[in-house]
Number of protein chains: 2
Amino acid sequence: MTLAEQAYQQVRWDIISGALPPNQPLRLEQLKQRYGVGFSPIREALNRLQSDRLVVNVALRGFTVAPISIAEMWDAIETRCLIEGDALRRSIEKGDDAWEAHVVAAYHALMLKAKSVSTLPRPVSEADLRALEERHHAFHRALIAGCQSQWLLDFADKLYVETERYRFPNLRDSSPLPDRDIGNEHQVLMTTVLARDADTATQLLQTHYRNTGRILADLIGPLTAV
Amino acid sequence: MTLAEQAYQQVRWDIISGALPPNQPLRLEQLKQRYGVGFSPIREALNRLQSDRLVVNVALRGFTVAPISIAEMWDAIETRCLIEGDALRRSIEKGDDAWEAHVVAAYHALMLKAKSVSTLPRPVSEADLRALEERHHAFHRALIAGCQSQWLLDFADKLYVETERYRFPNLRDSSPLPDRDIGNEHQVLMTTVLARDADTATQLLQTHYRNTGRILADLIGPLTAV
DNA sequence: CCTGGCAATATTTTCGAAAATCTTTATTTA
DNA sequence: TAAATAAAGATTTTCGAAAATATTGCCAGG
């Protein structure tokens with residue numbers, strides 16, 4: 001793997017996890033130090049992150065971490081509902097045995113990690129949270145992986161990462177909500193998908209995302225209102 | 001504007017127009033000469049184009065122009081129908097007077113250019129074709145610009161460029177089809193949009209794209225089958 | 001004649017310095 | 001004092017050379 005690729009993944013994670021907070025100016029000299037590489041790989045990473053909308057760049061005035069806002073979060077969530085809703089529908093219609101198998105496997109892997117993390121003493125390490133996050137992403141990707149559209153999958157990936165910027169930092173801070181069982185929601189969703197009930201599954205998926213949005217809006221709203 | 005930005009726009013156009021054909025290896029030394037800039041701006045441009053899926057990159061083995069195929073074209077078209085269909089619907093619901101004005105203006109500008117180009121002696125110059133293409137893009141963007149979703153607009157832009165790779169090269173080669181009046185299709189579409197008839201407008205837009213797809217598939221298919 | 005390994009060449013990737021541009025600070029002028 | 005101007009400093013952008021890696025062509029051994 002090239003240094004540019006490594007830098008890309010590291011900066012990307014630091015933005016998602018919040019280590020590099022929204023609107024933070026990204027000075028090249030400082031990033032060079034932080035990630036221990038030269039200018040070229042850093043610039044390459046930042047250019048790619050710009051296409052992901054994780055950083056913004058004004059010509060000759062450098063890069064900053066992209067801002068976040070409640071409005072932008074809802075835009076990402078609603079667009080995700082559209083993209084993944086359609087992709088899930090197509091997956092359920094066209095998905096073969098291999099697709100089903102991957103869905104089951106990804107769900108199982110997610111559950112195992114969720115269980116193991118839940119028994120860990122707080123605060124949970126960055127590495128464990130990241131591992132859990134990887135499997136969460138893998139599960140959601142597996143659901144729509146049978147849609148046979150590379151464009152839908154690409155867009156879904158971009159939107160997943162974007163919404164994660166809102167979800168992840170609150171995952172660390174707040175304790176799990178007593179009135180919401182994410183594990184159960186995932187299981188019901190998978191069961192419905194495997195039963196090939198496209199309408200119900202799409203509804204469940206979208207409701208899942210919108211409920212998350214409402215909770216996050218309540219958590220973030222008061223803070224940004226200050 | 002930075003050199004990297006200029007290089008980006010130039011390479012992008014050369015790929016869309018077909019001057020740099022699909023699968024063409026992009027040697028840095030050669031591009032450096034062609035566009036008259038150093039390594040850094042070229043690499044920056046290629047990295048951005050990779051995010052647009054116009055070039056592909058294998059680590060340490062360099063960049064090539066992204067391949068095209070009938071299957072990929074249909075994927076782009078169908079995804080575009082989904083994205084722009086929803087965006088158009090939202091535009092019609094939420095669009096204000098300023099949005100309507102921009103639609104009318106963009107349509108008018110497109111018609112003017114189309115008329116002027118149609119009177120020009122063949123072959124039409126690259127510059128004229130590009131100018132016409134810019135206005136065509138602007139019109140389609142204006143239609144959905146009222147949707148109030150930056151994500152939908154971003155995705156629509158990406159897909160527009162991708163489908164243009166299939167449409168544009170055939171625009172130059174083949175004469176206009178006698179049984180299809182694109183100008184009329186655009187006018188009917190705009191009238192329906194301004195009448196705020198979301199269902200009909202969405203149908204027209206999607207049919208417009210799918211008809212184009214069928215024609216292009218017939219033109220391209222025989223060639224690639226060789 | 002074919003195949004595997006090795007040197008030579010070509011290409012990409014990375015680095016650090018130089019050039020270009022923006023920002024800040026100090027100074028002058030009205 | 002406020003506005004405008006100029007110098008100094010900081011930062012981004014660009015370049016070309018050096019390092020790392022891949023590809024090609026050649027030769028020996030089976």
Side-chain angles (χ1 to χ4, degrees), chain A residues 1-16 18-68 154 161 165, chain B residues 1-16 18-68 154 161 165:
Chain A
M1 190 165 50
T2 64
L3 293 182
E5 176 70 20
Q6 290 174 48
Y8 170 73
Q9 291 185 13
Q10 288 186 65
V11 179
R12 187 172 120 128
W13 174 252
D14 284 344
I15 292 174
I16 293 170
L20 293 171
N23 301 308
Q24 166 115 184
L26 299 167
R27 303 267 169 257
L28 291 174
E29 190 57 45
Q30 172 191 326
L31 296 181
K32 215 178 87 154
Q33 304 254 298
R34 177 170 187 151
Y35 301 104
V37 294
F39 285 124
S40 310
I42 290 288
R43 277 190 73 82
E44 204 153 318
L46 292 177
N47 271 292
R48 290 180 58 189
L49 289 164
Q50 194 185 2
S51 298
D52 295 338
R53 283 181 50 170
L54 292 178
V55 314
V56 293
N57 167 243
V58 204
L60 298 172
R61 248 172 274 184
F63 298 86
T64 58
V65 178
I68 62 175
D154 276 11
V161 170
R165 291 190 71 194
Chain B
M1 190 166 50
T2 64
L3 293 181
E5 175 70 19
Q6 290 175 47
Y8 170 73
Q9 292 185 13
Q10 288 186 67
V11 179
R12 187 172 121 130
W13 174 252
D14 283 345
I15 292 174
I16 294 170
L20 294 171
N23 301 308
Q24 165 116 184
L26 298 168
R27 304 267 169 257
L28 292 174
E29 190 57 46
Q30 170 191 328
L31 296 181
K32 214 177 86 154
Q33 304 253 299
R34 177 169 186 150
Y35 300 105
V37 295
F39 285 125
S40 311
I42 290 288
R43 277 190 73 82
E44 204 155 317
L46 292 177
N47 271 292
R48 291 180 58 190
L49 288 164
Q50 195 185 1
S51 299
D52 295 339
R53 283 182 49 171
L54 291 178
V55 314
V56 295
N57 168 243
V58 206
L60 298 172
R61 248 173 277 185
F63 298 85
T64 57
V65 177
I68 63 175
D154 277 10
V161 171
R165 290 190 73 192

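Just so it is clear, the structure is predicted and the values come from calculations on it, not from any experiment.
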Asker: How long is the line joining CZ of Phe63(A) and P of dA10(D), in whole Å?
Answerer: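 Nearest whole value for this atom pair: 21 Å.
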
Asker: Is there a side-chain contact (heavy atoms from CB on, under 4.5 Å) between Phe63(A) and Arg27(A) once you walk through the steps?
Answerer: CA-CA 7 Å; Phe63(A) 298 86; Arg27(A) 303 267 169 257; over 6 Å; no

Asker: Quick one about Tyr8(A) and Asn47(B) (side-chain donor to acceptor, distance below 3.5 Å, no hydrogens or angles considered), yes or no?
Answerer: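 Looking only at side-chain atoms, Tyr8(A) and Asn47(B) do not form any donor-acceptor pair under 3.5 Å.
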
Asker: What distance do Leu46(B) atom CG and Arg12(B) atom CZ have between them, rounded to the nearest 0.5 Å?
Answerer: 14.0 Å

Asker: Side chains of Leu26(A) and Leu20(A): closer than 4.5 Å at any heavy-atom pair?
Answerer: yes

Asker: If we only count heavy atoms from C-beta on, is the Thr64(B) to Val56(B) side-chain gap below 4.5 Å?
Answerer: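 Thr64(B) reaches Val56(B) side chain to side chain.
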
Asker: Which residue pairs pass the salt bridge (charged side-chain N to carboxylate O under 4.0 Å, His left out) test with at least one member in residues 32-45 of chain A, sequence neighbours excluded?
Answerer: Asp14(A)-Arg34(A), Arg43(A)-Glu44(B), Glu44(A)-Arg43(B)

Asker: Working to the nearest 0.5 angstrom, can you tell me the gap between Ile15(A) CD1 and Arg53(A) CZ?
Answerer: 13.5 Å

Asker: For nucleotides 14-17 of chain C, print each protein N/O atom paired with a nucleotide N/O atom at under 3.5 Å, atom names and distance only.
Answerer:
from    : atom 1 : to       : atom 2 : distance (Å)
dT14(C) : OP1    : Leu3(A)  : N      : 2.4
dC15(C) : OP2    : Gly38(A) : N      : 2.6
dC15(C) : N4     : Ser40(A) : OG     : 2.9

Asker: Please give, in whole Å, the distance from dT9(C) P to Arg27(B) CZ?
Answerer: 18 Å

Asker: Within the structure shown, what part of the strands sits under 4.0 Å from Leu26(A) by heavy-atom distance: base, sugar-phosphate, or nothing?
Answerer: sugar-phosphate

Asker: What is the distance, to the nearest angstrom, from the CG atom on Leu60(A) to the P atom on dC22(C)?
Answerer: 5 Å

Asker: How bent is the helix from dC1(C)-dG30(D) to dA30(C)-dT1(D), measuring the angle between the end axes built from five pairs each, rounded to 10°?
Answerer: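 Between the first-five-pair axis and the last-five-pair axis there is 10°.
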
Asker: Among dA22(D), dT11(C), dC22(C), find the nucleotide with the atom closest to the side chain of Arg61(B).
Answerer: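 Output: dA22(D).
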
Asker: So which heavy atom on Arg165(B) is nearest to which on Pro22(B), and how close?
Answerer: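 In terms of heavy atoms, the two residues are closest at NH2-CG, 3.7 Å.
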
Asker: Applying a 4.0 Å non-hydrogen cut-off, can you work out what Leu28(A) is touching in the nucleic acid: base, sugar-phosphate, or nothing?
Answerer: base

